[in-house]
Amino acid sequence: MNYHLSQLPERTAKPRESGFTMAMDKGLSVREAENFVEVAGEYTDIVKLGWATSFVTPNLEKKLDVYRAAGIPVYFGGTLFEAFIVRDQFDDYRRVLDKFNMTFAEVSDGSIEMDHGKKCEYIRTLSEQVTVLSEVGSKDAEKIIPPYKWIKLMQDELDAGAWKVIGESREAGNVGLFRSTGEVRSGLVEEILTKIPFEKILWEAPQKAQQVFFIKLLGANVNLGNIAPNEIIPLETIRLGLRGDTFTHFIDKALLDKLV
Amino acid sequence: MNYHLSQLPERTAKPRESGFTMAMDKGLSVREAENFVEVAGEYTDIVKLGWATSFVTPNLEKKLDVYRAAGIPVYFGGTLFEAFIVRDQFDDYRRVLDKFNMTFAEVSDGSIEMDHGKKCEYIRTLSEQVTVLSEVGSKDAEKIIPPYKWIKLMQDELDAGAWKVIGESREAGNVGLFRSTGEVRSGLVEEILTKIPFEKILWEAPQKAQQVFFIKLLGANVNLGNIAPNEIIPLETIRLGLRGDTFTHFIDKALLDKLV
Amino acid sequence: MNYHLSQLPERTAKPRESGFTMAMDKGLSVREAENFVEVAGEYTDIVKLGWATSFVTPNLEKKLDVYRAAGIPVYFGGTLFEAFIVRDQFDDYRRVLDKFNMTFAEVSDGSIEMDHGKKCEYIRTLSEQVTVLSEVGSKDAEKIIPPYKWIKLMQDELDAGAWKVIGESREAGNVGLFRSTGEVRSGLVEEILTKIPFEKILWEAPQKAQQVFFIKLLGANVNLGNIAPNEIIPLETIRLGLRGDTFTHFIDKALLDKLV
């Protein structure tokens with residue numbers, strides 16, 4: 001750090017099991033990826049190439065090199081997995097993962113209806129090849145999943161071999177864990193946490209208010225994802241209680257009283 | 001493409017008459033323009049230097065060189081045309097187009113009231129010098145133009161020599177074709193299309209929901225504009241049915257049924 | 001400028017006492033800072049490193065060099081001052097300012113309750129070391145300060161040695177001077193201006209509608225802050241009446257009438 005401040009919440013260090021941050025790259029250039037890594041690489045534990053953007057970006061190999069050189073693993077968004085599955089090209093997908101030396105992959109069913117047994121089968125198969133993140137929750141705002149079912153789906157996917165489960169929100173943060181306004185379904189979150197260990201969950205929380213909600217509820221070292229590259233530094237300050245939103249959250253009340 | 005996916009909608013290739021994408025540069029640096037072109041140049045058919053930003057950006061010549069080297073034509077936003085017209089400096093405007101070797105220009109009346117005969121005269125005169133895009137629709141949310149008049153204005157401007165007509169939306173996508181909430185005036189769009197060929201229209205659609213609307217209605221190869229440089233890659237995935245919003249739109253229903 | 005347009009409002013030049021623009025850097029990389037300065041350095045009078053982002057960005061020294069080479073002063077956001085104060089580390093803060101050769105500093109109480117006499121004392125002490133900007137207004141949307149009190153607070157802080165006073169808005173523009181919707185508290189602004197000279201106030205106005213409000217009310221040379229780096233060029237066009245929002249504001253009505 002550039003100077004010393006007392007009374008900061010303790011942050012985990014890389015490689016992090018909790019307190020880790022997933023950034024979403026939705027089409028950065030090579031130099032933009034370098035810019036991002038220069039300033040926020042230390043606080044970024046994994047990068048997702050959003051949905052199927054990796055299909056159309058011409059700089060894929062070079063960009064993977066940038067992230068690899070910075071020691072940050074990368075994975076393709078779950079929608080790409082679904083794009084292969086819906087076309088009955090699962091074997092092709094596995095070859096694509098190998099071709100690009102991917103060590104992580106996401107299994108999701110956010111854009112399609114998929115039998116959950118089949119989904120768990122995909123998790124099981126892929127986890128022999130890579131580390132699997134699996135995602136629960138639909139991208140369709142109409143599809144409300146009740147809490148007990150979120151828990152069952154998450155548990156089954158962890159049992160099938162998922163390293164962590166992701167709570168869906170989309171890039172905009174307006175479905176799945178969130179109401180269409182972006183407000184957190186807080187009852188859902190709390191019920192999930194009665195059954196699933198918090199370090200096994202990666203909460204997609206692209207909006208600042210959502211990040212603040214999770215940090216106030218679960219502390220500086222909650223796992224958060226779908227963070228835009230230029231929001232990683234702001235997020236780190238929120239984790240540390242160094243932005244207005246969480247400023248007094250980690251501070252001894254006696255110190256606050258001394259000011260007035 | 002970086003790997004193969006079956007069942008993708010066919011996309012037109014450059015130089016595109018339909019399926020083309022207009023990006024809005026509202027003040028990129030030279031390196032930012034290079035970044036943009038590296039990752040999205042293939043999917044960008046024309047760049048608009050938004051409104052009169054070209055007046056104040058000190059790097060204009062160098063940036064034009066970047067776009068030219070990438071084979072992407074550039075034009076000044078219609079508000080710049082209007083800024084010259086309102087000051088009775090039309091001849092100066094024509095000289096500016098020559099000075100910067102512009103091959104395209106926009107004629108609009110979004111910020112001023114202009115006699116439509118005069119507007120068509122400007123289109124006629126400028127189309128002897130450059131390829132003209134003309135824009136219909138006011139930047140003033142209060143000014144509602146009924147559908148029959150949109151059609152008449154568009155047809156007159158095409159007759160006067162406009163290469164394509166643009167449906168106004170502003171950078172924010174909240175006027176003209178759209179309600180102040182950003183919602184598409186879908187009845188207006190459908191009525192326009194009964195009379196004006198769809199490849200002659202460039203729809204300004206900066207918001208994702210607007211892009212999705214046009215792609216679902218008119219297919220992968222609808223002409224879309226006012227796209228932010230970092231949204232060109234996401235837009236291309238929406239055109240291809242590779243993002244959640246259009247994911248099942250181009251897929252054979254039988255394949256979807258096999259999954260459940 | 002790249003070409004000539006008549007009838008533009010006169011703009012002040014650097015070093016500006018009025019008409020100046022404060023940009024907010026919330027974690028740019030070195031190259032991004034260079035990009036920003038290339039295109040908008042001429043229109044940027046001062047850069048704020050937002051809240052405590054300077055604590056976590058690893059490139060602080062190098063980035064300060066970029067801004068210094070461009071002749072643009074930099075200061076740490078007021079939340080960093082508050083972070084030191086709440087931890088009883090004021091002397092450390094003064095040393096940090098020296099260590100990084102800062103010539104400006106912000107004194108604020110947006111995230112904490114602080115006795116106003118103490119706040120003025122901090123302003124007095126720091127103004128012996130650097131040029132002080134002090135900020136009035138809470139980051140808490142619930143805390144409504146009545147107009148007479150805004151005026152008293154601002155006057156006291158100017159008397160204590162503040163160079164200018166800042167009207168708080170946050171990065172999002174939704175507190176302090178603004179309602180939670182972003183709408184300007186216009187009565188508040190007008191009442192403040194009956195007592196405090198307009199060149200002594202720096203209005204935080206990150207949203208375009210807010211910038212337009214202040215420019216229409218106070219002219220091209222109002223002091224505006226919390227502008228995102230990529231919005232400096234757009235703002236400059238709004239100041240000059242070269243974007244739709246202020247397009248007719250600076251134009252002789254007789255010229256407009258000639259068009260219809």
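Chain naming here is simple, since letters A, B, ... match the order of the sequence lines and numbering starts at 1 in each. Predicted model only: the values in this text are computed from it and were never measured.
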>> Does C:Lys152, at its NZ atom, have more than 12 non-hydrogen atoms belonging to other residues, nucleotides or ligands within less than 6.0 Å?
In response: no
> Is chain C contacted by the side chain of A:Thr248, its backbone, both, or neither, given a heavy-atom distance below 4.5 Å?
Replying inline: side chain
>> For A:His4, is there any backbone N or O sitting under 3.5 Å from a side-chain donor or acceptor partner on C:Gln89?
In response: yes
> Can you tell which of A:Glu236, A:Glu42, A:Lys258, A:Arg31 has the highest number of heavy-atom pairs within less than 4.5 Å of chain C?
Replying inline: A:Arg31
> Got more than 12 heavy atoms from elsewhere within 6.0 Å of CD, C:Glu113?
Replying inline: no
> Where does C:Val56 contact chain A at under 4.5 Å (heavy atoms): side chain, backbone, both or neither?
Replying inline: both
> Of the backbone (N, CA, C, O) and the side chain (C-beta and beyond), which part of C:Lys119 lies under 4.5 Å from a heavy atom of chain A, both, or neither?
Replying inline: neither
>> Quick check: do A:Leu259 and C:Asp115 have side-chain heavy atoms less than 4.5 Å from each other?
In response: no
> Of all heavy-atom pairs between C:Thr79 and A:Leu242, which one has the smallest distance, and what is that distance?
Replying inline: CG2-O, 3.8 Å
> Which answer fits A:Asp245, side chain, backbone, both or neither, if we ask what part of it has an atom under 4.5 Å from a heavy atom of chain C?
Replying inline: both
> Side-chain contact, heavy-atom cut-off 4.5 Å: C:Arg87 with A:Ile251?
Replying inline: yes
> Ring centroid separation for A:Tyr3 and C:Phe84, is it under 6.0 angstrom?
Replying inline: yes
> Hey, are the side chains of A:Val260 and C:Met114 touching, using non-hydrogen atoms and a 4.5 Å cut-off?
Replying inline: no
> What distance separates A:Glu38 CD from C:Glu32 CD, expressed to the nearest 0.5 Å?
Replying inline: 8.0 Å
>> Given heavy-atom pairs under 4.5 angstrom as the criterion, report whether the side chain, backbone, both or neither of A:Leu5 touches chain C.
In response: both
>> Rounded to the nearest 0.5 Å, what separates atom NZ in C:Lys26 from atom CD1 in A:Ile232?
In response: 11.5 Å
>> Test your reading of the model: is there a side-chain donor-acceptor pair from A:Asn2 to the backbone of C:Thr57, 3.5 Å cut-off?
In response: yes
>> With a 4.5 angstrom heavy-atom cut-off, is it the side chain or the backbone of A:Glu231 that approaches chain C, or both, or neither?
In response: side chain
> Got a sec: does the NZ of C:Lys118 have more than 12 other heavy atoms crowding it under 6.0 Å?
Replying inline: yes
> Measuring from C:Asn230:CG to A:Asn230:CG, what's the distance to the nearest 0.5 Å?
Replying inline: 9.0 Å
> Which one, C:Trp51, C:Tyr93, C:Phe100, leads in non-hydrogen pairs under 4.5 Å with chain A?
Replying inline: C:Trp51
> For C:Glu61, is it the side chain, the backbone, both or neither that has a heavy atom under 4.5 Å from a heavy atom of chain A?
Replying inline: neither
> Which atoms form the tightest heavy-atom contact between C:Asn59 and A:Val39, and what is the distance?
Replying inline: ND2-CG2, 3.7 Å
> Between C:Ser111 and A:Gly244, what is the shortest heavy-atom contact and its length?
Replying inline: OG-CA, 3.3 Å
>> What I'd like to find out is whether the side chain of A:Leu8 reaches to under 4.5 Å of the side chain of C:Phe55, using heavy atoms alone.
In response: yes
>> Below 4.5 Å, heavy-atom pairs only: which of C:Leu80, C:Asp109, C:Leu28 has the largest tally toward chain A?
In response: C:Leu80
